[in-house]
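Notes follow once the structure below has been shown.
Labels below follow one simple rule: chain letters A, B, ... track the order of the sequence lines, proteins then strands, and each chain is numbered from 1. The model shown is predicted, which means the values in this text are computed figures rather than measured ones.
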Amino acid sequence: MLFEEVVRAYEKIESTASRLEMRDMLADLFSGASCDELKTIVYLTTGRLCPEFVDMEFGVADKQILKAIYEATRVDMGHLEALYRKTGDLGAVAAMVLMEKKQSSLFTESLTVEGLRAALEELSKKSGKGSQQYKSRTLAGLFHSASPVEAKYLARILVGKMRIGVAVMTILDALTVVFAGDENRQAVERAYNITSDIGLVAEILCTKGVEALKDLRVQVGHPLKAMLAERLGDIGDIMQKMGGRAAFEYKYDGLRMQVHIDKGAPEGGKIKMFSRQLEDLTPQFPELHHWILNAFEEEKGIIEGECVPVDITTGEFLPFQVISRRRGRKYGLDGAIEEFPVKLVLFDVLLSGDKEMIDLPFPERRKELERVIGPNERVDLSTILITDNTDEAQSFFMEALASGCEGLMTKSLADDSVYRAGNRGWIWIKYKKEYRSEMVDTVDLVVVGAFAGKGRRADTYGALLMASYNPEENRYETVCKLGSGFDDSHLSLLPEMLKPYLQKAKDRRVESIMEADYWFSPGLVLEIIGAEITHSPAHTCARDVLKEGAGLSIRFPRFTGRFRDDKGPEDATTSQEIVQIYRAQLKKT
DNA sequence: CCGGGGGCGTC
DNA sequence: ATCGGAG
DNA sequence: CTCCGATGACGCCCCCGG
């Protein structure tokens with residue numbers, strides 16, 4: 001099949017709003033493909049080449065792609081960047097400049113789906129000296145021989161953002177239409193949850209049919225899609241959603257970890273660890289392996305928990321930034337293991353021996369987890385309380401915060417509280433104090449810069465650069481970028497509101513490491529809420545005050561919706577006040 | 001040989 | 001991670 | 001309610017260039 005045919009379908013899908021129509025267009029595309037092609041197309045449609053648990057990246061993104069487009073077309077780099085800022089879409093940039101160039105150059109040959117897959121796979125394998133240049137040249141070649149529309153989607157595949165309104169769920173819908181029939185929708189989704197491999201699901205459906213899908217089993221070594229949770233800011237509402245009674249568990253601030261155990265495997269292969277996005281964490285936490293083998297009483301199984309940083313001497317949980325030092329580390333592992341010790345706190349069991357647990361309700365899984373785990377100094381069970389009493393739940397929440405947790409996870413006890421990927425049906429609900437503005441300090445920051453929006457924000461700002469005020473120096477020190485919490489009306493107002501402050505270069509009073517696309521004289525003040533203050537290498541607020549080379553920033557910042565028209569820039573939250581908020585959060589009474 | 005830009009994954 | 005829009 | 005796609009801070013590794 002020609003890639004041209006695929007992108008034609010993408011074009012149609014991109015321009016439709018109806019979800020059902022999108023599904024049917026995808027179904028049309030799928031039914032015209034061979035099984036091999038189908039598999040590839042399914043991956044490409046997710047902006048990838050293979051399932052997420054396979055360690056494969058293109059190693060190129062915005063900048064490298066712009067460079068490749070430049071090499072393919074020799075259109076001035078500054079012009080390309082401006083075009084990107086204006087359209088907010090690398091695909092559009094590629095298509096537009098190629099459209100102009102195509103008049104002089106001819107298509108060399110038609111790109112097939114298989115040809116594209118092979119080229120991209122080659123690209124992803126390249127590493128080492130000269131690899132950047134190789135990638136850039138290869139991509140330039142691809143862009144050069146691509147039609148404008150092909151180039152558009154090539155660029156989008158490379159950055160992994162297709163933006164046609166289709167993601168996994170819609171693909172599963174379309175596969176169901178073509179190969180399974182509505183009555184089998186659940187079976188299709190279950191197969192995806194078990195395998196985490198949408199290409200494999202497509203392939204099995206295509207080659208063997210839906211009955212073969214039903215034979216799939218949870219298997220050690222094959223990661224399952226992680227179950228997610230909804231959010232709610234009121235414990236009474238949560239209790240109500242849960243039907244008046246629920247399990248409440250500490251929500252630990254660390255890395256989600258799905259652990260596969262096979263004691264019969266050869267030495268070094270008995271444990272496999274997967275992150276929430278199914279990245280392989282096995283080599284990064286080797287010191288846990290024997291503690292897990294020791295704690296788990298079955299021969300094989302799959303258990304899930306949170307890997308949290310701890311102070312080994314006191315047993316206290318440490319901030320998330322501590323475990324960040326462990327994540328993705330390849331070098332200096334021994335030192336990091338010493339310096340940043342971690343513990344695994346378990347909260348679920350998905351396979352226990354030969355027993356598949358995912359279709360059992362939560363209480364039964366918890367019971368099995370408690371049966372099969374013997375806690376030790378590095379492996380523990382999550383702290384849990386089952387209650388129908390809101391006050392009890394509330395004080396449990398306060399205890400969780402006091403012990404350094406983010407808040408609570410609430411889990412349904414109902415018969416349908418099975419383990420399901422995604423956030424489905426309010427089976428799990430998280431409750432964090434930052435969901436309530438009265439429980440956390442909001443902050444009033446000054447807009448000092450802005451960044452061009454992408455995609456649906458192409459005609460406005462994507463994010464604002466926010467600063468606190470430092471009265472001693474009469475300076476504005478950046479604290480964070482702000483891009484969440486705006487609704488469409490806010491977004492469309494922003495350019496107009498900020499126009500009076502727009503200036504050509506950074507204001508003399510603004511201290512920033514970051515280079516914004518637009519600069520403003522300090523004036524407009526917005527209210528911001530976040531989870532906590534973090535040490536920041538990227539922001540200048542109170543830089544060097546608490547830690548050499550680090551400023552302060554905000555974790556999960558978002559706009560509350562309040563424009564502080566009543567405040568001038570000098571009435572904004574001061575850098576000193578942010579330091580105080582940071583100090584206050586250290587004592588988590 | 002080291003610093004920084006770029007990429008990618010965690011939350 | 002959080003959030004808002006749209007079906 | 002579900003699904004999608006905007007956006008955040010930050011830490012590690014890679015490659016490249018001074």
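Ring geometry for A/Y250 against A/Y252 counts as tilted: the plane angle lies between 30° and 60°, on a 0 to 90° scale. Between A/Y431 and A/F397, the ring planes are tilted. Angles from 30° to 60° get that label.
In summary, the side chains of A/S468 and A/T573 do not present any donor paired with an acceptor at a separation below 3.5 Å, with no hydrogens or angles considered. No side-chain donor from either of A/S124 and A/E57 sits under 3.5 Å from a side-chain acceptor of the other. Residues A/E477 and A/T540 bring no donor and acceptor atom of their side chains to less than 3.5 Å of each other. Side-chain polar atoms of A/Y10 and A/T45 form a donor-acceptor pair below 3.5 angstrom. With no hydrogens or angles considered, a side-chain donor-acceptor pair links A/E11 and A/Y153 at under 3.5 Å.
Residue A/L26 contributes atom CG, which lies 14 Å from atom C1' of D/dC3 at whole-angstrom precision. Rounding to whole angstrom units, NZ of residue A/K63 and P of D/dC16 are separated by 18 Å.
For A/F556, the listed nucleotide lying nearest its side chain is B/dC11; candidates were D/dA9, B/dC11, D/dT7. The side chain of A/Q132 lies closest to D/dC15 when the candidates are D/dT7, D/dC15, B/dC11.
A salt bridge links A/D253 with A/R555; the closest basic N to acidic carboxylate O contact falls under 4.0 Å. Here A/R163 pairs with A/D89 in a salt bridge; the nearest charged N to carboxylate O distance falls below 4.0 Å.
Backbone-only contact: A/K241 has heavy atoms under 4.0 Å from sugar-phosphate atoms and none from a base. Among the protein residues, A/G530 comes within range of no part of the nucleic acid, since none of its heavy atoms lies under 4.0 Å from any strand. If you check every strand for non-hydrogen atoms under 4.0 Å, A/I164 touches sugar and phosphate atoms only. Among the atoms of the strands shown, only primed sugar atoms or phosphate atoms (P, OP1, OP2) are found under 4.0 Å from some heavy atom of A/K251.
For residues 532-545 of chain A, proximity to DNA chain D is found at A/T534, A/H535, A/S536, A/P537, A/H539, defined as any non-hydrogen atom under 4.0 angstrom from a strand atom. Near-neighbour residues of DNA chain C inside residues 422-447 of chain A, defined by a heavy atom below 4.0 Å, number-ordered: A/K430, A/K432, A/Y435. Against DNA chain D, the stretch residues 229-236 of chain A makes no heavy-atom approach under 4.0 Å. Residues from residues 41-59 of chain A with heavy atoms under 4.0 angstrom of DNA chain C: there are none. Within residues 323-338 of chain A, no residue has any heavy atom under 4.0 Å from DNA chain C.
Under a cut-off of 6.0 angstrom, the local environment of NZ in A/K506 is crowded, with over 12 non-hydrogen atoms contributed by other residues, nucleotides or ligands.
With a 6.0 Å cutoff to the six-membered ring centre and a 45° limit on the axis angle, A/K481 counts as a cation-pi contact of A/F451.
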Checklist entry - Is there a side chain to side chain donor-acceptor pair (under 3.5 Å) between A/Y582 and A/E532 once you walk through the steps? => result CA-CA 8 Å; A/Y582 176 80; A/E532 61 186 348; over 6 Å; no
Next on the checklist: Between A/E249 and A/S382, is the side chain to side chain donor-acceptor pair (under 3.5 Å) condition met? List the steps.
Outcome noted: CA-CA 7 Å; A/E249 274 179 81; A/S382 64; 2.5 Å; yes
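Formation of a donor-acceptor pair under 3.5 Å by the A/Q321 side chain with backbone atoms of A/H535 is found in this model.
Annotation: C/dA1 and B/dC8 have their C1' atoms spaced 15 Å apart (nearest Å).
In this structure, A/H222 has its ring center no closer than 6.0 Å to that of A/F53.
Dashed line: the shortest gap from a side-chain N or O of A/K129 to OP1 or OP2 of D/dC15 is not under 4.0 Å. Proximity of A/K161 to the phosphate of B/dC8: no side-chain N or O atom is located under 4.0 Å from OP1 or OP2. Between A/R276 and C/dA1 there is a side-chain polar atom (N or O) within less than 4.0 angstrom of OP1 or OP2. OP1 or OP2 of D/dC4 has at least one side-chain nitrogen or oxygen of A/T170 nearer than 4.0 Å. Between D/dG11 and A/Q321, a contact under 4.0 Å exists linking OP1 or OP2 to a side-chain N or O.
Atom CZ of A/R23 sits about 15.0 Å away from atom CE of A/M169, to the nearest 0.5 Å. Here the CZ-CG distance, from A/F274 to A/L281, works out to 9.0 Å after rounding to the nearest 0.5 Å.
A/V448 is not listed as a side-chain neighbour of A/M466, based on a closest heavy-atom distance of 4.5 Å or more.
Taking 3.5 Å as the limit, the base of D/dT7 and the side chain of A/S484 contain no donor-acceptor pair of atoms between them.
Sequence order on DNA chain C of the closest nucleotides to A/G485 and A/E406 puts A/E406 first from the 5' end.
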Nucleotides 5-7 of chain C: which of its N/O atoms have a protein N/O under 3.5 Å away?
{"from": "C/dG5", "atom 1": "OP1", "to": "A/D488", "atom 2": "N", "distance (Å)": "2.8"}

